[in-house]
Structure formats: structure tokens, C-alpha cells
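Please read all numbers here as calculations on a predicted model, not as lab measurements.
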Amino acid sequence: MAAISSSLCFDSSSLSSKTSSFSDNPLRRFSATFASSSPISRRKISCQTSSLAASPASVDAQAKTAKKDFLHITDYDKATILKILDRAIEVKALLKSGDRSYQPFKGKSMAMIFAKPSMRTRVSFETGFFLLGGHAIYLGPDDIQMGKREETRDVARVLSRYNDIIMARVFAHQDIIDLAKYATVPVVNGLTDYNHPCQIMADALTMIEHIGSVEGTKVVYVGDGNNIVHSWLLLAEIIPFHFVCACPKGFEPDQKTVKKAQQAGISKIEITNDPKEAVIGADVVYSDVWASMGQKEEAEHRRKVFQGFQVDEALMKLAGPKAYFMHCLPAERGVEVTDGVIEAPNSIVFPQAENRMHAQNAIMLHVLDA
């Protein structure tokens, strides 16, 4: 594991905070207790009500101008990403305490578009939105058929008039771009074939909890150069760390994304075909399925090509005793990772899965200005 040169911490002097409109904010009450038990510096968070008023004729125009989306990590600067992660830590602590009085989404609804089905994405978004007072509506592949039965721009406009926020998990990245373009409410990228920003925010949160930082660490991804890799590369454009993708020849990540991350000059980026060399000194060894949704017809071929890229006990031993194992799930045990690695004490796969909800809660709080 590479030595951590600096910690990802949250300095209240560098981040602006909103003035609370509430005299008895449960997050404010709880944060003092939580901060005293944590080694990581915290800023206190507050919630703010909006006093904006607009005539019906100008609602769409004003909403479009003011709204925030969460489509790529690089849509935000480092300070904002750290602020969102800070908020995730504090809201998670509040929910873990059993306090359910913080209801910033009360009276709000979220439309969840699923062109690709998913257990974790649906449950984490729906449960998280509910725990903070909101109501989420599931729209499965047969409910909308976006781009087939109805144009994406029409779906965006209609759902914006019913809901306060839209989350979409789709195949084509252009679909999430078009949704955000035409929606007048915030749009959150729940996954596309190109990237998965909510997952990487959850991963960063998990690293902060277990390592203390993302900055200065070495993260080694072993497997297919897919949307998870692209998301790590995007994060590497704004937070400095060492990222290595070890993949078979022909399965490298998008070259433009790699080049852009390297040219940003923030992080050390390596693409290699040697997983054994790559994992030496890793803080995190990360894996994903070799054949993602929509690639299952290639599964048998990929199993042959990816021989030697399984994360097993021998590979983790090369990484070193302090290396953690992460996987975005679902996992094919015995394929890209062994059962022993997932069940090992240094596996943080399930805290990582839980943190999908907490990271996403913070993302939604941010885009809704709640």
C-alpha cells in the first residue's frame, strides 16, 4: 500500500455553510456528538428553506436556470465533492443513531427510471429518500421505454411537472444527458454504460471510513475497463491519488477518458495488463463482473480472455496485509473474485454497498439545496 500523503478531511473554514432556518436542527444537535468520536475533522451542516416564489408562467424557466444535476463527478470541483461526502458522513451518523426527525424531503417525490434493473440502486435510492421524508416512484423498463415509446425530451418534461427530482439508470449515456437537458428538476445519474458516479461517491465514502482518506492512496482496479473505471478516472481528475487499471489487452477503458485524466495532472494514472505487478502496495484492490448487463452473450468468451485477472487470495497477498478489497456488486463468486476474498476480514464490500444509500442521500440533498 502506498503511504497516504494527505488525508481527505473537511475544513469548515474552506467550505461555506448555509444558515439554518430551523431553531432545532437534529443534524446540528447530533453532529457535535458524532464529531467528537471521529478522527476526521467535520463541519456542521444545516438545512435551509427556500423563500423563492415565481409565477406559474416563469416556473420552468427559473427552475431550469437554478437546477443542479449529478451526471459526472467532474461536473463539480474538489471542494464540492468533499462537502457532499462530509454531509454523507453526518447524515449517515444521524440515521444510524435512530433519529428520524430530520425530514428534508418531506412533501417531495422522486421519479426513478430503470432501463436497467438493479437491486442496490432501487433499494438504496428508494429507502434513502423515504428515510429523509420523501416518496419515490419506480418506473421499470416496461413502464416508459424511453426513446422507443416516448422521446426522452418528452419524458423529462412530463416527469418534471410531477416530481421534484429524477434519477435514471440507463444504457446509453446520451439518455442521461438528454434527460438533464430537458428536465426542469435535478437529474441524478444512477448509472449509464459510460459511468457510475453514485457508486464512486459511495466508494470514496467507504475509503474515508476505513482508511481515512482517498487523497494519497493507491487504488488498483482489476478486470474490465468499464463504467466503474471511467468513474474512477473522472474522480482522479479532481482528487489526487494513484489509480491503476489492470485489464486484458483489448479491454482497456475509453482512451479519451484516460488521456483527459492524465492531462489533468492531478493523479497518477496507469493502465496495465499485469495485475500481479499492479496490486503491489495497493490500499484498495477493486473488482467488478467481467461481463456487465448487456454483455452476457460474451460471458463465456470473456471468462477465457480474463484468465489471470481473478482477485484471489494470492493476488491479495501480493497487495499486502493492509490492502482492502472492494467490489461494486453483484459479484460472480468464483469468477472475477473468490469466495475467500469476499469473506475475508479486509473485505469492505458490504459497508461499501450500504454506503450507496448514504452517498446518494447527500447527493440528493445537494442538488435539491435541502
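- When all heavy atoms of Asn189 and Pro197 are compared, the closest pair comes out as ND2-CD, 3.5 Å.
- For the pair Ser213 (side chain) and Glu215 (backbone), a donor-acceptor distance under 3.5 Å is present.
- For the residue pair Ile84 and Ala362, the shortest heavy atom distance occurs at O-CB, 3.3 Å.
- Contact annotation: the side chain of Leu139 never approaches that of Met146 to less than 4.5 Å [non-hydrogen atoms, C-beta and beyond].
- Under the ring pair (Phe, Tyr, Trp, His ring centres under 6.0 Å) test applied with Phe105, the options Phe130, Phe129, Phe125 reduce to a single match, Phe129.
- A donor-acceptor pair under 3.5 Å is formed between the side chain of Gln310 and the backbone N or O of Gly334.
- Within 6.0 Å of the OH atom in Tyr138, the count of heavy atoms belonging to other residues, nucleotides or ligands exceeds 12.
- Ile73 has its side chain within reach of Ile81: a pair of non-hydrogen atoms, C-beta onward, lies under 4.5 Å apart.
- With hydrogens and angles ignored, the 3.5 Å screen pairs a side-chain donor or acceptor of Ser160 with a backbone N or O of Thr184.
- Annotation: side chain of Tyr286 is in contact with side chain of Gln352 (closest heavy-atom distance under 4.5 Å).
- Side-chain atoms of His242 and Glu270, non-hydrogen and from C-beta on, do get closer than 4.5 Å to each other.
- Side chain of Arg149 to backbone of Asp143: a donor-acceptor contact under 3.5 angstrom is found.
- No chain of hydrophobic side-chain contacts below 4.5 Å, direct or via other Ile, Leu, Val, Met, Phe, Trp or Tyr residues, connects Leu85 to Ile266.
- At a threshold of 4.5 Å between non-hydrogen side-chain atoms, the residues Asp86 and Leu82 do not count as touching.
- The main-chain N or O of Tyr194 is found under 3.5 Å from a side-chain atom of His230 such that the two form a donor-acceptor pair.
- Ile165 contributes atom CD1, which lies 6.0 Å from atom CE of Met364 (distance to the nearest 0.5 angstrom).
- Judged purely by distance below 3.5 Å, without hydrogens or angles, the side chains of Asp203 and Thr206 never pair a donor atom with an acceptor atom.
- Partner Cys328 forms a side chain to side chain contact (heavy atoms under 4.5 Å, CB included) with one of Ile200, Asp288, Asn227, Leu191 and no other, that one being Asp288.
- Taking the side chain as every heavy atom from C-beta outward, Phe309 and Ser287 never approach each other to under 4.5 Å.
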| Full working for side-chain contact (heavy atoms from CB on, under 4.5 Å) between Val284 and Ile211 | CA-CA 9 Å; Val284 169; Ile211 300 174; 3.9 Å; yes
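- Taking every heavy atom of both residues into account, Lys108 and Asp164 meet most closely at CA-OD2, 3.1 Å.
- Between His366 and Phe70, the distance separating the two ring centers is not shorter than 6.0 angstrom.
- At least one donor-acceptor pair closer than 3.5 Å links the side chain of Asp99 to the backbone N or O of Ser101.
- A donor-acceptor pair shorter than 3.5 Å can be found between the side chains of Ser124 and Gln360.
- Once rounded to the nearest 0.5 Å, the distance linking NE2 of His135 with CE of Met110 reads 10.0 Å.
- Using a 3.5 Å distance cut-off with no hydrogens or angles, the side chains of Lys92 and Asn355 do pair a donor with an acceptor.
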| task | Would you please test Trp232 and His196 for side-chain contact (heavy atoms from CB on, under 4.5 Å) and show each step? | result | CA-CA 9 Å; Trp232 276 112; His196 197 354; over 6 Å; no
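- At distances below 3.5 Å, not a single donor-acceptor pair connects side-chain atoms of Asp69 with backbone N or O atoms of Pro186.
- We find that Arg333 and Glu343 are joined by a salt bridge, their nearest charged nitrogen and carboxylate oxygen being less than 4.0 Å apart.
- Nearest heavy atoms, Pro117 versus Arg169: O-NE, 3.6 Å.
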| Derivation of the side-chain contact (heavy atoms from CB on, under 4.5 Å) call for Leu131 and Arg100 | CA-CA 7 Å; Leu131 288 174; Arg100 296 292 183 268; 3.6 Å; yes
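- A donor-acceptor pair under 3.5 Å is absent between the side-chain atoms of Glu150 and the main chain of Ile144, judged by distance alone.
- The minimum heavy-atom distance linking Ala183 with Val187 is given by the pair CB-CG2, 3.7 Å.
- Checking side-chain atoms of Tyr76 against main-chain N and O of Ala79 turns up no donor-acceptor pair under 3.5 Å.
- Taken to the nearest 0.5 Å, the CD atom of Gln103 stands 7.0 Å off from the CG atom of Leu132.
- Between Lys260 and Asp254 no salt bridge is recorded (no basic side-chain N to carboxylate O distance below 4.0 Å).
- Of the possible donor and acceptor atoms, one in the side chain of Ser267 sits under 3.5 Å from a partner among the backbone N and O of Ile239.
- Checked for salt-bridge contact, Lys68 and Asp75 miss the test: no charged N lies under 4.0 Å from a carboxylate O.
- Residues Pro275 and Leu315 share a closest heavy-atom pair of O-CD1, 3.9 Å.
- Atoms CD and CG, on Glu252 and Asp224 in that order, are 10.0 Å from each other to the nearest 0.5 Å.
- The NZ atom of Lys96 lies 3.5 Å from the CD atom of Glu354; values are rounded to the nearest 0.5 Å.
- To the nearest 0.5 Å, the span separating CD1 on Ile280 from CG on Asp274 amounts to 8.0 Å.
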